[in-house]
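Here the structure is a predicted model, which means the values were calculated and not measured.
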Amino acid sequence: MNKTWIIVRKDWAEVFKNRFVLFTVAFLPLILTALPLIILYATRSTSDLEGFSSADMPAGFAALCNEMSGGECVQYFIVSQFMLLFMLIPMAIPVTIASYSIVGEKTTRTLEPVLATPVTTFELLAGKALAAAIPAVVVTWLGFAVFAVGTRVLSLSPNVTARLLDPLWLMAIFIVGPLLAVAAVSVTVMVSSRANDPRVAEQLSMLVIMPLLAAFFGQITGLFFINQTLILWMAVGLVVVDSGLLALATHIFQRETILTRWK
Amino acid sequence: MSTIVIEGLCKIYGPIKALDGLDLHVEQGVVFGFLGPNGAGKTTTLRILAGLARPTTGQAWIEGLPVGPESHARRLVGYLPEEPSFYPWMRAREFLADLVGGLCGMSRREAMARADEMIVLVGLEKDADRRIGGFSRGMRQRLGLAQALMNRPPVLLLDEPVSGLDPVGRRNILNLIDELRGEATVFMSTHILSDVERICDAVGILNHGRLIALDKKENLLRRYAVPVVEVNFDAAPEMVAHWAESLRELPYVVNVQLDESAVRVTLDGSIQSSVDMQRLVLGADLLVLSYQHERPQLEDVFLQLVE
């Protein structure tokens with residue numbers, strides 16, 4: 001069996017025994033999937049949005065509405081704010097899993113027998129990274145699938161549905177999401193290689209979500225709006241950033257440091 | 001042919017020099033005892049050989065391959081850490097077959113068969129399907145040895161392999177190591193000198209990161225260990241003291257210790273000195289209760305060199 005996959009399976013068996021990790025993996029996607037659906041439910045009829053028009057929208061956003069009615073544009077605007085939060089899932093979950101997986105092994109010293117086997121540092125690191133990233137990406141995609149079904153049922157019109165599930169958001173969820181997960185895993189590996197407490201590692205690594213929160217508030221305040229070009233640039237930028245972060249994480253993840261700086 | 005070669009190995013941790021120019025050759029198929037007081041650098045040496053640490057300077061080779069974290073030499077090595085830690089939720093058989101066997105590149109069937117074989121070898125049959133979290137230190141030590149042997153390594157690096165074991169467990173593990181002689185090169189660190197004396201072919205003594213003695217066990221005993229004669233008299237302490245004083249002038253007597261009517265004489269190691277001492281005791285005109293010519297011990301060599 002592939003050695004990386006053996007590490008992945010072992011890590012899953014281990015970290016999901018931790019109730020805190022399990023809670024984080026389950027709770028965050030539930031909340032972030034429910035929020036936009038609740039907003040959709042609350043604005044499911046035109047009477048709920050009576051009195052709103054495209055003119056009430058920030059100017060930059062109204063331009064994105066094209067042929068949509070005022071009510072449709074408002075629903076699209078409100079819901080799309082929360083869709084950005086979907087991308088928090090592939091960042092937050094790997095941070096929690098990787099922190100507990102790497103620092104947890106350091107504190108219990110269980111990594112020494114594993115490192116003594118002929119597993120390479122790359123195989124080990126890849127195993128730990130995949131064990132953290134795969135659940136995050138899968139849960140994000142599942143959450144988005146639930147949201148997509150809910151959108152069809154609860155949106156004001158097929159127009160809104162089409163805009164909420166257009167290639168912009170599909171690209172954001174299916175391409176940018178995994179790239180964000182890789183960035184989060186790389187940062188967590190770097191922090192975990194130095195930290196000796198999983199909670200400290202998790203808190204420090206969570207700083208990786210700051211740029212995403214900045215984008216969220218930037219969009220809410222009308223500083224800029226997420227469009228296809230921006231998502232495309234985010235994807236390209238993340239490929240570059242991820243390459244650098246992965247190289248740095250592999251360099252910092254030293255067997256000896258992990259074994260000798262465990263306490 | 002030397003299976004393990006170490007040349008000029010230095011390892012510095014901050015202000016501490018754990019290894020200070022260690023040079024060492026270990027021949028193929030021997031059981032090598034690596035002795036030294038706490039902090040001498042034994043574990044550091046073993047970690048470097050296992051590819052778990054990098055030397056600050058110097059180099060080591062196993063079967064001609066330079067050791068290191070990414071070296072192919074790691075495939076030739078089985079390593080038992082001093083205090084092996086395992087995933088407490090795993091079961092022993094699962095740990096060996098699924099994790100270790102897989103990471104050693106074995107097929108599932110091969111890993112299962114080898115795991116079963118190892119479980120029997122280290123005597124964990126009854127506990128193979130118990131969670132490791134409930135294992136005693138001795139059981140973890142045996143599981144660690146099973147792990148080290150999983151890959152059929154030609155070189156076995158054992159850091160204090162029998163520490164924490166009960167007498168029966170210790171005997172079993174020592175017998176097991178003894179049986180590996182010739183099949184694998186065993187490099188074991190220990191502070192239990194009687195174990196080294198029992199199973200090791202060659203001995204290296206490390207102190208402050210430097211090798212202070214290296215030889216076959218017999219040569220080392222011959223060279224450094226000094227014979228001691230202990231005599232108990234049934235006589236007045238003053239008379240015994242008077243006789244003991246006369247010994248101090250003899251050229252082959254290294255030391256004389258007096259305790260009431262008992263005398264302990266350290267000799268220079270020549271056979272003639274032992275014969276002469278026997279004659280002197282009988283000619284002392286004192287009633288001898290016991291006469292014991294103590295066999296040189298590795299402990300004496302160790303203490304003599306380290307102190």
(request) Give a yes or no on this: more than 12 heavy atoms of other residues, nucleotides or ligands lie within 6.0 Å of atom CZ of R130(B). (result) yes
(request) Indicate the atoms forming the closest heavy-atom contact of S85(B) with R109(A), along with that distance. (result) CB-O, 3.4 Å
(message) Using a 4.5 Å heavy-atom cutoff, which residues in residues 119-129 of chain A come close to chain B?
(response) V119(A), T120(A), T121(A)
(request) Evaluate the criterion side-chain contact (heavy atoms from CB on, under 4.5 Å) for residue pair T117(A) and L99(B); output intermediate values, then yes/no. (result) CA-CA 10 Å; T117(A) 64; L99(B) 187 66; over 6 Å; no
(message) Please classify the contact of M90(B) with chain A as side chain, backbone, both or neither, using a heavy-atom distance under 4.5 Å.
(response) side chain
(message) Taking side chain as everything from C-beta outward and backbone as N, CA, C, O, which of these in K10(A) sits under 4.5 Å from a heavy atom of chain B? Side chain, backbone, both or neither.
(response) both
(request) Measure across L103(B) and P118(A) and return the closest heavy-atom pair with its distance rounded to 0.1 Å. (result) O-CD, 3.7 Å
(message) Is it the case that atom NE2 in H208(B) sees more than 12 heavy atoms from other parts of the structure closer than 6.0 Å?
(response) no
(request) Answer yes or no: are there more than 12 heavy-atom neighbours, outside R91(B) itself, under 6.0 Å from its atom CZ? (result) yes
(request) Specify which of R74(B), Q147(B), R75(B) makes the most heavy-atom pairs with chain A at under 4.5 Å. (result) R74(B)
(message) Just checking R137(B): does its CZ atom have more than 12 heavy atoms from other residues, nucleotides or ligands closer to it than 6.0 angstrom?
(response) yes
(message) Between Y87(B) and V114(A), is there a side-chain heavy-atom distance shorter than 4.5 Å?
(response) yes
(message) Can you tell me which portion of P69(B) sits under 4.5 Å from chain A's heavy atoms? Options are side chain, backbone, both or neither.
(response) both
(request) Check side-chain hydrogen bond (donor to acceptor under 3.5 Å, both in side chains) between Y100(A) and all other residues, then give those that pass, not counting sequence neighbours. (result) none
(request) Drop me the distance from L52(B)'s CG to L115(A)'s CG, to the nearest 0.5 angstrom. (result) 6.0 Å
